Asker: 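Quick one: structure below, then a few questions.
Below, read A as the first sequence line, B as the second, and so on, with proteins coming before strands; counting in each chain starts at 1. The basis for the numbers below is simple: all heavy atoms, side chains too, and nothing from hydrogens, waters or symmetry mates. Since the structure is predicted, the reported quantities are computational estimates derived from the model, not experimental observations.
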2 protein chains.
Amino acid sequence: MMLRISKLTDYGTLVLTHMANFPDRLFSATDLAATLGLGAPTVSKVLKTLGRHDLVRSVRGLHGGYALGRPAVQISVAQIVDALEEQPFGLTECSASAGSCDFEHDCRIRANWQRINGVVRRALEDVSLADMVSPQPMVAGSDARPITGPQSIKGRVAPDQESAR
Amino acid sequence: MMLRISKLTDYGTLVLTHMANFPDRLFSATDLAATLGLGAPTVSKVLKTLGRHDLVRSVRGLHGGYALGRPAVQISVAQIVDALEEQPFGLTECSASAGSCDFEHDCRIRANWQRINGVVRRALEDVSLADMVSPQPMVAGSDARPITGPQSIKGRVAPDQESAR
DNA sequence: ATAAACAGTACTCTTTTGGTACTGTTTAAG
DNA sequence: CTTAAACAGTACCAAAAGAGTACTGTTTAT
Ligand code: FES
Ligand code: FES
């Protein structure tokens with residue numbers, strides 16, 4: 001698709017947001033999966049990756065589980081994305097790789113894409129997990145305008161969703 | 001991948017940018033392909049789609065070709081993306097579809113994603129084709145910060161790129 | 001009439017992503 | 001000290017999306 005974060009990342013924000021509601025509790029992967037209606041192995045995978053980036057802290061053994069690695073205020077969406085995509089960052093191929101398409105003009109294009117990337121990235125950095133759960137109406141300098149296009153993708157709750165037609 | 005525009009869209013900006021340099025000329029698809037080092041059928045495809053959205057105007061018959069559908073200043077990157085992705089817009093599944101994951105909290109998350117979407121979209125709207133070719137140093141309210149991470153994707157010039165190792 | 005160029009459709013191949021299975025390690029509880 | 005609940009890691013598979021190509025038709029200056 002396009003300009004979409006991957007489902008895994010989406011799941012990540014879901015899970016983390018849920019955990020942020022009870023900063024003290026310890027959540028088992030299976031528990032979270034059941035609560036959120038996701039596949040257990042999938043949630044496990046996500047949590048493991050998040051752990052590698054210190055966004056969650058894990059306690060092993062019986063009665064183990066996961067907890068946020070640090071206060072929700074200190075976890076930005078950008079960090080979640082970075083963790084789960086394991087991908088550089090940049091909307092275009094060449095907004096990173098120097099000397100890909102240097103054939104005719106001295107690529108002013110790349111510079112522009114990089115600027116765009118900057119804006120996008122900052123948007124992601126400006127929203128924290130804490131913002132996700134609590135009101136916190138507006139982000140710093142930007143007033144949300146109603147989206148122009150849209151609305152009508154799929155559904156997220158993949159498993160056992162029948163009926164309805 | 002992630003937060004990436006599709007290659008087709010990337011090609012689109014390339015092509016359009018090139019055309020913007022000579023607002024009067026008429027470009028044949030094969031001509032453009034040769035100049036930019038892309039596959040002829042691919043360029044054709046892109047141009048056709050762009051035509052459907054009036055970003056380019058086509059002249060059929062012998063000596064035909066393509067030209068910008070309107071002044072470069074009036075073509076934003078957002079429009080190019082919209083045209084070539086034929087996709088709503090929104091970084092997440094549910095930042096659009098109402099009632100996907102309405103199981104526990106009354107989804108404040110979605111609202112937040114929509115705000116993020118707004119910022120991203122505006123970033124794309126604020127850059128025009130004209131900006132791509134001419135200096136035009138800064139976008140309105142945002143000062144470009146150097147990208148944090150990165151740099152090291154692939155190469156765009158797909159065909160016949162050998163050697164180098 | 002012809003050839004250059006756009007228009008449209010349909011198909012195939014490759015890559016990416018999402019998801020699952022399996023095997024190992026840790027640790028409280030009995 | 002045995003056991004079971006839970007995390008850790010790897011590897012694999014299947015489905016979907018992307019990208020590219022081929023083919024057939026239509027338009028029009030020469
Ligand atoms: S370097 Fe990427 S468009 Fe030129
Ligand atoms: S509606 Fe999408 S996260 Fe709740």
Asker: Using the rule given for side chain to side chain contact (heavy atoms under 4.5 Å, CB included), can you reason through A:Met19 versus A:Leu32, listing the C-alpha separation, both sets of side-chain angles and the distance that settles it, and then say yes or no?
Answerer: CA-CA 9 Å; A:Met19 292 172 70; A:Leu32 283 170; 4.1 Å; yes
Asker: Rounded to the Å, how far apart are A:Leu26 CG and C:dT26 C1'?
Answerer: 14 Å
Asker: I need the residues from residues 51-62 of chain A with at least one non-hydrogen atom less than 4.0 Å from DNA chain D; give them sorted by number, or say none.
Answerer: A:Ser58, A:Val59, A:Arg60, A:Gly61, A:Leu62
Asker: Run the salt bridge (Lys or Arg N to Asp or Glu O under 4.0 Å) test against B:Arg57 and tell me which residues pass, sequence neighbours left out.
Answerer: none
Asker: With no hydrogens and no angle check, do the side chains of A:Ser128 and A:Gln74 hold a donor and an acceptor under 3.5 Å apart?
Answerer: no
Asker: Report yes if at least one side-chain N or O of A:Ser6 is closer than 4.0 Å to OP1 or OP2 of C:dG18; otherwise report no.
Answerer: yes
Asker: Measure NZ/B:Lys48 against C1'/C:dT9 and give the value in whole Å, please.
Answerer: 8 Å
Asker: Between C1' on C:dG19 and CG on A:Leu36, what's the gap in Å once rounded to a whole number?
Answerer: 17 Å
Asker: Using whole Å, what does the distance between atom C1' of nucleotide C:dT15 and atom CZ of B:Arg4 come to?
Answerer: 14 Å
Asker: Base, sugar-phosphate alone, or nothing: which one does A:Leu8 contact when heavy atoms must sit under 4.0 Å apart?
Answerer: sugar-phosphate
Asker: Round to the nearest Å and state the distance from A:Leu3 atom CG to D:dA17 atom P.
Answerer: 16 Å
Asker: Tell me the interatomic distance from A:His63, atom NE2, to D:dT3, atom P, rounded to whole angstroms.
Answerer: 18 Å
Asker: For residues 58-69 of chain B, pull every pair meeting salt bridge (charged side-chain N to carboxylate O under 4.0 Å, His left out), keeping only residues two or more places apart or in separate chains.
Answerer: none
Asker: Does a nitrogen or oxygen in the side chain of A:Thr30 sit under 4.0 Å from OP1 or OP2 of D:dA5?
Answerer: no
Asker: Is the shortest side-chain N/O distance from A:Tyr11 to OP1 or OP2 of C:dG18 below 4.0 Å?
Answerer: no
Asker: Enumerate the salt bridge (charged side-chain N to carboxylate O under 4.0 Å, His left out) contacts for residues 25-51 of chain A, please, sequence neighbours excluded, ordered by first and then second residue.
Answerer: A:Arg25-A:Asp31
Asker: Are B:Tyr66 and C:dA5 close enough that a side-chain N or O sits under 4.0 Å from OP1 or OP2?
Answerer: no
Asker: Whole-Å distance between D:dT21 P and B:Lys7 NZ?
Answerer: 11 Å
Asker: Relative to the 5' end of DNA chain C, which residue comes earlier, B:Lys45 or B:Ser28, by the nucleotide with the nearest heavy atom?
Answerer: B:Ser28
Asker: Which residue pairs pass the ring pair (Phe, Tyr, Trp, His ring centres under 6.0 Å) test with at least one member in residues 23-73 of chain A, sequence neighbours excluded?
Answerer: A:His18-A:Phe27
Asker: Check which hydrophobic residues are tied to A:Leu26 through side-chain heavy-atom contacts below 4.5 Å, counting indirect links as well, and list them.
Answerer: A:Val59
Asker: Which whole-number value in Å describes the distance from A:Glu85 CD to C:dT16 P?
Answerer: 14 Å
